[in-house]
There are 2 protein chains.
Amino acid sequence: MNDLDPSTSLGATLYKEVARRMLAALSAGEWKPGEAIPAEKKLSERFAVSIGTLRKAIDELVAENILIRHQGRGTYVATHNREQQLFRFFNIVRQDGVRTYPTVELVGFGHAKADKRVADKLAISRNAKVVHYTNVLTLNGEPVIVDEIYLPAAMFAGLTEQMLRERPNTLYNLYQTGFGMNVIRIDERLRGNLASVPHAALLGCAPGAPLLEMHRVALSFNQQPIEYRVSSVNTANYEYFAAGSQ
Amino acid sequence: MNDLDPSTSLGATLYKEVARRMLAALSAGEWKPGEAIPAEKKLSERFAVSIGTLRKAIDELVAENILIRHQGRGTYVATHNREQQLFRFFNIVRQDGVRTYPTVELVGFGHAKADKRVADKLAISRNAKVVHYTNVLTLNGEPVIVDEIYLPAAMFAGLTEQMLRERPNTLYNLYQTGFGMNVIRIDERLRGNLASVPHAALLGCAPGAPLLEMHRVALSFNQQPIEYRVSSVNTANYEYFAAGSQ
DNA sequence: TTACATTTGTTCGTATGTATA
DNA sequence: TTATACATACGAACAAATGTA
């Protein structure tokens, strides 16, 4: 035991300190999504640690899905535009187990002030400006999900309805390439609920039909909330697959 | 490319082969839940690999929650009776985020034949004998969950209603200590549904109230299904927290 | 096709630090 | 204090995958 202030000392262990410094470089935009970071050898020299220690630091970031390794090629900053990555956060599958990807239709767009719930979820002050838009997701020709999506307007200055309509890729890719907002992790909570009249109309089911209601907060590097989304899922033929529960 | 059958070769890498052999030892009962396995040094001698390779093998089993490391003490086989482990699979939390643990009441017990759905989930033949029992879980004095639980009778010979009532610990601990069945992983699928009349009575809600319906298969070492459980959750004040979704 | 350079992956061994009993 | 066990850090050698000349 010593009486140094631990907050001023290094991050407990060397490899964690290296991981922290690499995260800082990522956060500062030194290495951009889709690009390769320098080779392990070079990084070990830069941070003045052994190759093993550097690899352990990278291990941590790979485990968090921030970096992706490719033997023989290099280590890359994760993006949201690879097929494999595209729907990392899309957990709705058909009840027979078949996994298909949705087509998205924007059915509502506007600005609003954060109410208590949205302000809490986005960690912004009440009445702060938010962008609010609505998507309908169709699977195999059947509308299955209605997404009510809220963004902190301050972080998404210049976002237009057209950008959402014409994005060539996923929403999270648009956030990443258009606004520098990287979704690293999501926090998801689920409830049962009954279909409201407008949602029933969008989903083609009866008002009062049972739905799965998903509350999702998308988080960036420092647990910074980027997006709050309420998804209403018609689980007549589909279901939520809790992928991570091992 | 060569034309050797890869299934006849070793497990690709040495550390994975060691992990496989350790899993075999666990599966064979050589190391029992709650016990410490031999020290890394001894194991590295036993498997004739370096300490680093052995540690990497253990890393794999720790990541799967099969082993638990304690610096200075040893590496232990995971059990379902530690506070921390107790509710590893219990993902229902109060909407304000407070996490409390349920009290369980057995309200139904009997034997039945597997219908198509249960046979599929448990990977047994249709009409095979199953144990079917029903629990009501109470959180903070309020009944919140009804569990309909199905076990393959062949794997749980001698299981009685009294054993379920008088178990000093969790169900999964009873499976482990009483029948040698270790729950390693669960597969969970979620839907919205309406409360049936009997479930509404047990939960103290109106028939037709919206519920979260959870279909869970508990799996053992070789993806062997051990238990199928349908949980009906009243999410008026509680919600499902998708812990693993990162 | 072949050869080669580059990059990550695996395995080894050693030394030292930290936690536990 | 001492012994034991896991954790961290170092560096070296070789294997495997990739891309290119």
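Order of the sequence lines sets the chain letters (A, B, ...), proteins ahead of strands, with each chain counted from 1.
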Notebook entry, point to check: Does B:Gln95 reach the main-chain N or O of B:Thr235 with its side chain, forming a donor-acceptor pair under 3.5 Å?
Noted result: yes

Practice task
Report yes or no: do B:Tyr228 and B:Asp120 form a side-chain donor-acceptor pair below 3.5 Å?
Solution key: no

* Output yes when B:Arg55 and B:Glu40 qualify as a salt bridge under the 4.0 Å nitrogen-oxygen rule, no when they do not. => yes

Contact span of DNA chain D against chain A, any nucleotide atom under 4.0 Å from a heavy atom, 5' to 3', runs D:dT8 to D:dG19

Between CG of B:Leu54 and C1' of C:dC12 the distance, given in whole Å, is 13 Å

Protein-proximity profile, nucleotides 13-21 of chain C, B/S/- by nucleotide at the 4.0 Å heavy-atom cutoff, equals SB--BBBBS

### Task
Would you mind checking if B:Glu148 and B:Lys121 are paired as a salt bridge, meaning a charged N to carboxylate O distance below 4.0 Å?
no

Paired runs of 3 or more consecutive Watson-Crick or G-U pairs involving DNA chain C, with both pairing distances under 3.5 Å, are C:2-21 with D:2-21

Residues 54-75 of chain A vs ring pair (Phe, Tyr, Trp, His ring centres under 6.0 Å), sequence neighbours excluded, gives A:His70-A:Tyr76

Note: contacts of residues 22-45 of chain B with DNA chain C (heavy atom, under 4.0 Å) are none

(Q) Check this one for me: any side-chain N or O of A:Thr75 less than 4.0 Å away from OP1 or OP2 of C:dT8? (A) yes

**Message:** For the residue pair B:Asn182 / B:Gln176, report whether a side-chain donor-acceptor contact shorter than 3.5 Å exists.
**Reply:** yes

Exercise for review: Flag the pair A:Arg185 and A:Asp187 as a salt bridge only when some basic side-chain nitrogen lies within less than 4.0 angstrom of an acidic carboxylate oxygen.
Suggested key: no

query = Does any donor atom in the side chain of A:Asp147 or A:Ser231 lie under 3.5 Å from an acceptor atom in the other side chain?
reply = yes

From CG of A:Leu61 across to P of C:dT8 the rounded distance in Å is 14 Å

message = Whether the B:Glu161 and B:Tyr133 side chains hold a donor-acceptor pair (N or O, under 3.5 Å, no angle test) is what I'd like checked.
response = no

B:Thr53 meets the side-chain hydrogen bond (donor to acceptor under 3.5 Å, both in side chains) criterion, sequence neighbours left out, with B:Ser50

Review point. Does B:Arg20 come within less than 4.0 Å of B:Glu17, counting only side-chain N to carboxylate O?
Key: yes

| request: Step by step, work out the salt bridge (charged side-chain N to carboxylate O under 4.0 Å, His left out) result for B:Glu60 and B:Lys56. | output: CA-CA 7 Å; B:Glu60 296 246 306; B:Lys56 206 162 176 184; over 6 Å; no

Quiz prompt | Side-chain heavy atoms of B:Arg88 within contact of B:Tyr172, under 4.5 Å | solution = no

Here the distance between atom C1' of C:dT11 and atom CZ of A:Arg55, to the nearest Å, is 12 Å

